[in-house]
Every structure is written in structure tokens, then in C-alpha cells.
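Read through the structure below, which is laid out as C-alpha cells, and then see the notes.
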There are 2 protein chains.
Amino acid sequence: MHTPLYQHFEQYIRLSPALREELENRVTVQSFKKGELLHDADKVCTRSYFIRKGLVRVFFLKDGREISEYFSSEGEWVNSPKSFIQRQKDIYSIDTLEDTDTWRLEISDLGYLFDHFPEMERYARLSMGTVFGHLMERITSMRFTSAKEKYDHFRAVYHDIYHRIPLGMVASYLGITQETLSRVRAEK
Amino acid sequence: MHTPLYQHFEQYIRLSPALREELENRVTVQSFKKGELLHDADKVCTRSYFIRKGLVRVFFLKDGREISEYFSSEGEWVNSPKSFIQRQKDIYSIDTLEDTDTWRLEISDLGYLFDHFPEMERYARLSMGTVFGHLMERITSMRFTSAKEKYDHFRAVYHDIYHRIPLGMVASYLGITQETLSRVRAEK
DNA sequence: TTTTTCTTTTGACCTATATCAAAAACTACT
DNA sequence: AGTAGTTTTTGATATAGGTCAAAAGAAAAA
């Protein structure tokens, strides 16, 4: 039943039966229709969602326009990172681009797991290391690169899901206008 | 003697006497002259340096030019993150912009600390969370912003040290040319 | 199916920043 | 102090990508 979740953890640590059971008990199924909000920037983010099926987008408002920060899909956790970690409000909201099924974990439950299973701390450290690497690569790919190079990098990173994301959202993710992205895409 | 190092850890966890002692035993003083390499991209990064005094720059080569990735100064750890975490080569080298004194920690010693002190795992998770936030902010500040806005953000982030960094290195950090940065700076 | 709304493409024009080149201002040796 | 090397500034020009506007295409609603 919770196999994809276990597999995710086992990329980084070995799950003891006790930890498996705790995870299973503390995680709740929650589904969202396309366009629904998982998290609103108005509030502190107290939940993390593991995506079983679907696609979500983390975004914020700048001058009244929605800017995509990043996208998450099957097999990944999503939350508003700074809000979730530091228990304060942040600028990000999260909504879905497709009907999405998740397992939801409350921050209080996660705290319990950290306190009682040191391997969870290790899991967090290692998995953050992975994401960390992605962020640095992204920063590199945003400097001294043409719109085309940015788009190519985006397609490489979001290889499996880039075609499921509307053009305007991709453009704001890349920091270019959708007109420019449309032209870049045309010449191929 | 090791006070600044202890203080750094105690932003995130409480250091037991036992852990203090282990840290103290495993850390080695190392000093570098201005311009010396702390790490060369040719090699796997197996050491992390805590900066007691001085200023270093993490950079890589693109088309024969040196691009600054970021800077670190007093009270911070520096290494080549992906190389250090995943024990493989990466593009980054590290050198000093000033004479620099450090405490050096070998990855094997860090591994020992992770294995024997679960609070070290917690420290790593929490401190990575902080850096994580900075990276996300930086990504945001690089999209849809003018050269001037990028420079303003840089000065805010590197408030205490920005004046110690040569203009050309700041420009490559921001992803703009040094000519543009020079002009931005002139009109104030 | 038809209408309405949302998304993407195309076109014309403009501006911020890149590029190339050279002068000026620093820094660091001898 | 004087020379050589490096870094920063200034100037002239070019261009990628922004902005604004409108048409075309797709998706959702009636």
C-alpha cells in the first residue's frame, strides 16, 4: 500500500519495521482536484505532501502575476520549504495542475519521527543534499545563458513532466516572458 | 580556543561536553595566503573548512573565465558541496581573497561524528535548511530583476563583506558583465 | 454545436545590457 | 619612486529579449 513512500525513503536510509509502522500510522490520504490549493501563502505551512499521482506547482505573486518557483510530481514531497522548516509565513502557495493524490504528513508527526528515529534525521540531511545540488545547478543555468539554453536545461531537469506544464508557467519559472519562450520553442 | 566554532553549532543544537571534545580533537588549524587554493576542482573534496578569519570564493570556469558561485567568510563552513556530499568530482574550486585562517575537518571525521552523535545529523539538517532558504531567495532575486536590483540584493545578503570583494567577481556572481556593474555602481 | 474564456503565437517596436575597445585608476613589485 | 600588471571606468555600437497589441488556437461552458 505505502510502497512508493517506502521506496522514496530507502533511496537514503534503510527503514526498520518500527519506522515503517510509524510512518504508515501518521500519514493520511488526501486528494485534490485540478486547480485546488494545497497550501496558501496566507498561512504557516504545517503539512508536507508526498505525491502519489499528479502534478503541483509552487508559486508566488509578484506585481499581481503568478511566478512559478518549481514543480513537483509523483514520488516527491512538496511543501513551502522555509515556512515548513521555520514555522513562519513565506511567499509561496501551492496548487495542482492535475487531479492529485497525496499522502499528507503533519509537521508535529514529522517532529515526533525526528525525535524518535535518528535515521530520519539522516534521511532529511541526505535528501536535502540532493535538492541542494539541484538548486545550485539551477542558479548556474540561469546566469550567462540564453533563453534557449534555459529552456533546454528545464527540459533536461523536468524530463518526464515538462510537457504537462503550461507554457506561461514554464516561462515564469525560467524568468523569461511567455512570448520569448513561444518563439524559442517555435524554432526547432 | 574553539569558541567561534562552538557558537556556530549552538545556533542549531546544544553541544554536549563529549561532542565538544570530539570536535576539538578532530579539527586542525590551517592557514592560507591570499590567492591560495583551498580546493581544486580536479579532485574530490574531502575536507570542509570553518573560516576563523578571512574571505574565500567558490568559483568555476566557463569558457575560460572564472565565474564566482558564492563567497564565504568568518563563522561559516566552506567546501565544494556536491563533491563533498557525494564524494565525486564537481566543477568548483575554492580560493582565498584575503589571508585566511581555518579549522579543517576531514569528511571521515565528519562521518564519525554523524555515526556517534545523532545531534550532529540534526545540526546538518537544520543548517542546510538555512542555506536552502538563501538559495531559493537568490533564485528569486535573479529572475525578472534589473542589474541594479541584483546588485542591491547582493549588498543586502553580503552586507558585512561586499566591499571586500573585487567588482569583477561580484559581476560574475550576479550573472552580469563587469562593465554593467561598474555603470550601475556609478549612478548612486 | 456554439459561445465564451483561457492559452499560445505572431508582429512591430523599444530598451537594458552585452560586446568590443581604449583610457584611467589602482596595486604590487624591483 | 618607477615600472609592470591588474582592475575599473568610460565610450560607441549591437542585439537578445522585453513590451504592447492583436490574432489564432484550444479548452471549457452553455
> Is the B:Tyr173 ring parallel, tilted or perpendicular to the B:Phe71 ring (thresholds 30°, 60°)?
Replying inline: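 Plane angle between 30° and 60°, so tilted.
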Roughly, in whole Å, what's the span from [atom1] in [X] to [atom2] in [N]?
X        : N      : atom1 : atom2 : value
B:Lys62  : C:dA18 : NZ    : C1'   : 14 Å
B:Glu187 : C:dA16 : CD    : P     : 10 Å
B:Leu181 : D:dT7  : CG    : P     : 15 Å
A:Ile165 : C:dT8  : CD1   : P     : 12 Å
A:Gln178 : D:dA21 : CD    : P     : 16 Å
B:Arg185 : D:dT8  : CZ    : C1'   : 8 Å
B:Lys34  : D:dT6  : NZ    : P     : 13 Å
A:Arg65  : D:dC20 : CZ    : P     : 11 Å

> With a 3.5 Å cut-off and just heavy-atom distances, do the side chain of A:Arg183 and the base of C:dG11 make a donor-acceptor pair?
Replying inline: yes
>> Could you walk me through whether A:Phe32 and A:Tyr49 satisfy the ring pair (Phe, Tyr, Trp, His ring centres under 6.0 Å) test, starting with their C-alpha distance in whole Å, then the side-chain angles of each, then the deciding distance to 0.1 Å, before giving a yes or no?
In response: CA-CA 11 Å; A:Phe32 301 87; A:Tyr49 300 89; 5.7 Å; yes
>> Please confirm whether the shortest side-chain N or O distance from B:Ser182 to OP1 or OP2 of D:dT8 is below 4.0 Å.
In response: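 Indeed not, no polar side-chain atom of B:Ser182 lies that close.
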>> Please tell me if B:Lys150 has a side-chain N or O lying less than 4.0 Å from either OP1 or OP2 of C:dA16.
In response: no
Is it true that [X] and [Y] have ring centroids separated by less than 6.0 Å?
X        : Y       : result
B:Phe50  : B:Phe9  : no
B:Tyr123 : B:His8  : yes
A:Tyr92  : A:Phe59 : no

> C:dA28, D:dT8, C:dT17: which one has an atom nearest the side-chain heavy atoms of B:Leu167?
Replying inline: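 Nucleotide nearest to B:Leu167's side chain: D:dT8.
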>> From C-beta outward on A:Thr177, which listed nucleotide comes closest to its side chain: C:dT8, D:dA28, D:dG18?
In response: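 Ranking C:dT8, D:dA28, D:dG18 by closest atom to the A:Thr177 side chain puts D:dG18 first.
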> Which part of the nucleic acid does B:Ile176 contact within heavy-atom distance under 4.0 Å: base, sugar-phosphate only, or nothing?
Replying inline: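 Since only primed, P, OP1 and OP2 atoms lie under 4.0 Å of B:Ile176, the category is sugar-phosphate.
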> For DNA chain D, whose closest nucleotide is more 5', that of A:Ser146 or that of A:Glu179?
Replying inline: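 Comparing both residues, the 5'-ward one is A:Ser146.
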